[in-house]
Amino acid sequence: MAADIVSRADTGFENLWGLQDCAETIYEFASEEQKQRFIPRVCNGETMSMDLTEPDAGSDLQSVMLKATEQPDGTWRLNGVKRFITNGDADIHLVLARSEDGTKDGRGLSMFIYDKRDGGVDVRRIENKMGIKGSPTCELVYKNAKAELCGSRRLGLIKYVMALMNGARLGIAAQSVGVSERAYREALAYALDRKQFGKAIIEFPAVYEMLAVMKAKLDASRALLYETARFVDVYKIYEDIAKERSLTPEERKEMKEFSKKADACTPMVKGMGSEYCNQNAYDCIQIHGGSGFMKDYACERVYRDARITSIYEGTTQLQVVAAIRHVTTGTYLNMIREYQAQEVKPELMWLRDNLMAMTESYEKAVNTVTEVKDTAYVDFMARRLVEMAGNIIMGYLLLNDANSNDEFVRSAEVYNKMAQTEVAKHADFIANFKPEQQAIYKA
Ligand SMILES: Cc1cc2nc3c(=O)[nH]c(=O)nc-3n(C[C@H](O)[C@H](O)[C@H](O)COP(=O)(O)OP(=O)(O)OC[C@H]3O[C@@H](n4cnc5c(N)ncnc54)[C@H](O)[C@@H]3O)c2cc1C
């Protein structure tokens with residue numbers, strides 16, 4: 001909620017504090033002594049950064065090459081280059097580095113803590129960006145920089161960075177919701193104020209439809225954000241309890257279930273939420289007409305700031321890569337079945353009927369794709385399948401909101417209509433596609 005609110009006001013500024021959940025990673029994986037040393041510093045306002053990306057290792061973090069060398073005294077030295085690092089001038093850095101000589105994949109990578117007080121890292125460049133200009137994005141040169149191991153060797157990418165990135169992805173999902181909210185507010189205010197043909201432009205169907213869809217996308221992405229945050233909270237609370245006593249079999253089962261749901265919903269909310277944020281920023285400019293293209297209005301900045309949300313912390317395509325297994329293993333379908341069993345007011349039943357019909361189309365589409373038994377084909381259809389699942393899940397979340405609060409009825413209805421069209425479009429594409437037609441698209 002805090003990330004959402006701050007992003008609305010200034011998206012770049014939001015990146016300075018806690019966006020990436022770096023302190024949480026120290027809390028989860030560092031030694032007790034490291035926690036005592038670093039976490040109070042963060043609480044006192046020192047900044048952190050997450051140093052993963054390199055010139056030749058972006059989406060593919062397994063190819064990280066920054067070299068970590070162990071010293072006789074047990075400390076490490078880091079050498080190499082990191083690029084596109086948010087808060088690159090931070091006080092405390094989490095660094096992904098290759099600790100195992102001769103390895104080439106993720107199993108040779110470990111996570112390190114670098115303390116700026118020790119020196120050894122130069123900010124070689126601050127990027128000149130399209131948006132989030134208040135957030136410094138740096139190229140860093142590590143020159144024999146002293147660092148300490150965080151957690152166990154070889155688990156840097158496989159375990160710690162995966163956890164770190166899940167927190168960061170939830171942060172970007174919240175940032176996306178904040179930017180979406182701003183886009184909607186700017187568009188609504190302008191549409192009420194601007195008059196053409198003798199009336200306020202909000203009275204034209206083309207404009208009020210755009211605004212209603214913007215609001216529906218905004219409410220849908222926020223609903224999925226809160227649901228995902230709830231899943232994360234529950235399983236992390238169990239993890240904390242498990243440090244003090246052993247969990248009962250029921251608690252263990254629930255922890256596993258929530259952890260799986262968090263794993264399924266995090267890439268979905270980051271992927272679809274950031275795309276909705278971009279769409280809302282686009283429509284915000286459209287509603288402003290020519291004025292939207294000028295730098296005089298806030299919407300121009302909103303549009304530039306929105307663009308990064310579907311790129312960093314993993315592009316939308318990489319979110320789909322993470323989400324697709326929850327399509328093929330049935331996590332999403334099981335969640336949908338749970339939502340379906342919830343009670344609905346009679347006047348909202350038509351929304352559930354529509355969602356049930358969409359679920360039927362989704363199941364059919366999943367079967368059509370998986371029956372081919374070709375992973376490349378699943379990859380080709382993955383975005384469509386993940387979006388179908390997302391449309392249905394967000395449709396149910398809004399229905400639940402509408403069921404308990406009239407304020408959400410309009411968004412639940414508008415989103416339902418939109419989701420119906422989206423699901424039908426993807427279902428139609430999949431039903432009328434022959435696997436060999438993939439060749440048409442190949443470069
Ligand atoms: C402003 C900003 C701040 C950033 N902050 C940080 C930070 O704090 N820490 C940090 O470590 N990094 C940071 N990054 C880096 C960011 O996470 C990467 O830019 C991003 O993950 C994409 O990597 P890349 O730029 O190398 O693109 P590439 O990986 O080269 O991707 C190019 C295109 O190929 C597609 N693609 C690549 N692989 C696949 C695949 N397997 N399947 C489908 N499509 C694929 C991508 O979706 C994309 O469309 C930041 C970047 C920016 C721009």
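Start at 1 with the first residue, then count along the sequence. Note that ligands are numbered from 1 as they come in the structure, with each ligand's atoms numbered from 1 the same way.
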Trainee: For atom 35 (C) of ligand 1, is there a protein heavy atom at a distance under 4.0 Å?
Mentor: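 No.
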Trainee: For atom 15 (C) of ligand 1, which protein heavy atom lies nearest, and how many Å away is it?
Mentor: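 Minimum-distance protein heavy atom for atom 15 (C) of ligand 1 reads Thr53 OG1, 3.2 Å.
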Trainee: Could you tell me, atom by atom, which parts of ligand 1 come under 4.0 Å of a heavy atom of Ile85?
Mentor: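 Those qualifying, in numeric order: 7 (C), 8 (O), 9 (N), 10 (C), 11 (O).
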Trainee: Strictly inside 4.0 angstrom of atom 30 (O) of ligand 1, do you find any protein heavy atom?
Mentor: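 Under the 4.0 Å cut-off, atom 30 (O) of ligand 1 has no protein heavy-atom neighbours at all.
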Trainee: Does Arg182 come within less than 4.0 Å of Asp10, counting only side-chain N to carboxylate O?
Mentor: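 Looking at Asp10 together with Arg182, the answer is no, because their closest N to O distance does not fall below 4.0 Å.
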Trainee: Regarding Asp240 and Tyr27, do their side chains bring together a donor and an acceptor under 3.5 Å, going by distance alone?
Mentor: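 On atom types as modelled, these side chains qualify, holding a pair under 3.5 Å.
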Trainee: When you compare ligand 1 with Leu52, is there at least one nitrogen or oxygen pair between them that comes in under 3.5 angstrom?
Mentor: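 Between Leu52 and ligand 1 (N or O atoms, distance only) the closest approach is under 3.5 Å.
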Trainee: Out of Lys260, Lys236, Met335, which one pairs with Phe231 under the side chain to side chain contact (heavy atoms under 4.5 Å, CB included) rule?
Mentor: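 That would be Met335; it is the only one of Lys260, Lys236, Met335 passing the side chain to side chain contact (heavy atoms under 4.5 Å, CB included) with Phe231.
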Trainee: For ligand 1, is there an N or O atom under 3.5 Å from any N or O atom of Thr137?
Mentor: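 So ligand 1 has no N or O lying under 3.5 Å from an N or O of Thr137.
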Trainee: Determine the interplanar angle of the Phe429 and Phe380 rings, folded into 0 to 90°, and report it as parallel if under 30°, tilted if 30 to 60°, perpendicular if over 60°.
Mentor: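 Rings of Phe429 and Phe380: tilted, as their planes differ by 30° to 60°.
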Trainee: Please write down residue, atom name and distance for the protein heavy atom closest to atom 17 (O) of ligand 1.
Mentor: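 Protein heavy atom at minimum distance: Glu313 N, 3.6 Å.
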Trainee: Only heavy atoms count here, so choose which of Leu318, Leu164, Asn15 is nearest to atom 38 (N) of ligand 1.
Mentor: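 Shortest heavy-atom distance from atom 38 (N) of ligand 1: Leu318.
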Trainee: Just to confirm my output: which protein heavy-atom neighbour is closest to atom 20 (C) of ligand 1, and how far is it?
Mentor: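 Of every protein heavy atom, Ile311 O, 3.7 Å lies nearest to atom 20 (C) of ligand 1.
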Trainee: Suppose I only count heavy atoms of Lys129 and a 4.0 Å limit; which atoms of ligand 1 are within that range?
Mentor: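 Under 4.0 Å from Lys129, ligand 1 has these atoms: 1 (C).
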Trainee: Report yes if some heavy atom in the side chain of Arg307 is under 4.5 Å from a heavy atom in the side chain of Met130; otherwise report no.
Mentor: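 When only atoms from C-beta onward are counted, Met130 and Arg307 do touch, with a gap below 4.5 Å.
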Trainee: Should the ring pair Tyr190 and Tyr297 be called parallel, tilted or perpendicular, given that the plane angle runs from 0 to 90° and is split at 30 and 60?
Mentor: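 Ring orientation, 0 to 90° scale: perpendicular.
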Trainee: What orientation do Tyr160 and Phe29 show, parallel under 30°, tilted 30 to 60°, or perpendicular over 60°?
Mentor: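 Taking Phe29 first and then Tyr160, their aromatic rings sit tilted (interplane angle of 30° to 60°).
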Trainee: Could you tell me whether the side chain of Val81 reaches within less than 4.5 Å of the side chain of Pro55, counting heavy atoms only?
Mentor: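 Pro55 vs Val81: side chains touch.
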Trainee: Taking distance alone, with N or O pairs closer than 3.5 Å, would you say Asp60 contacts ligand 1?
Mentor: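 No, no N or O pair falls under 3.5 Å.
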Trainee: Is the Tyr362 to Tyr332 ring centre distance short of 6.0 Å?
Mentor: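 No - the distance between ring centres of Tyr362 and Tyr332 does not fall below the 6.0 Å cut-off.
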Trainee: Tell me: protein heavy atom nearest atom 28 (P) of ligand 1, and distance?
Mentor: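 Of every protein heavy atom, Ser59 OG, 3.7 Å lies nearest to atom 28 (P) of ligand 1.
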Trainee: Just need the protein heavy atom nearest to atom 9 (N) of ligand 1, so name the residue and atom and give the distance.
Mentor: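 For atom 9 (N) of ligand 1, the nearest protein heavy atom comes out as Met50 O, 2.7 Å.
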Trainee: Inspect the contact between Asp428 and Arg384 and indicate whether a charged nitrogen and a carboxylate oxygen are less than 4.0 angstrom apart.
Mentor: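 Looking at Arg384 and Asp428, the cut-off is not met.
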Trainee: Do Val121 and Val141 have side chains that get closer than 4.5 Å, going by heavy atoms?
Mentor: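 Not in contact.
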Trainee: Quick one: look up the protein heavy atom nearest atom 52 (C) of ligand 1 and list residue, atom name and how far away it is.
Mentor: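 Result: Ile308 CD1, 3.9 Å.
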Trainee: Test of understanding: given a 4.0 Å heavy-atom threshold, classify the contact between Thr315 and ligand 1 as side chain, backbone, both, or neither.
Mentor: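 Near ligand 1, Thr315 shows its side chain, while the N, CA, C and O stay back.
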Trainee: Among all protein heavy atoms, pick out the one at the shortest distance from atom 49 (O) of ligand 1; state its residue, atom name and that distance to 0.1 Å.
Mentor: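 It is Gln317 OE1, 3.8 Å.
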Trainee: Among all protein non-hydrogen atoms, which one is nearest to atom 50 (C) of ligand 1, and what is the separation to 0.1 Å?
Mentor: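 Nearest protein contact, heavy atoms only, for atom 50 (C) of ligand 1 is Phe84 O, 3.1 Å.
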Trainee: Can you list the atoms of ligand 1 that are under 4.0 Å from a heavy atom of Thr86?
Mentor: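 Ligand 1 atoms under the 4.0 Å threshold to Thr86: 3 (C), 4 (C), 5 (N), 6 (C), 7 (C), 8 (O).
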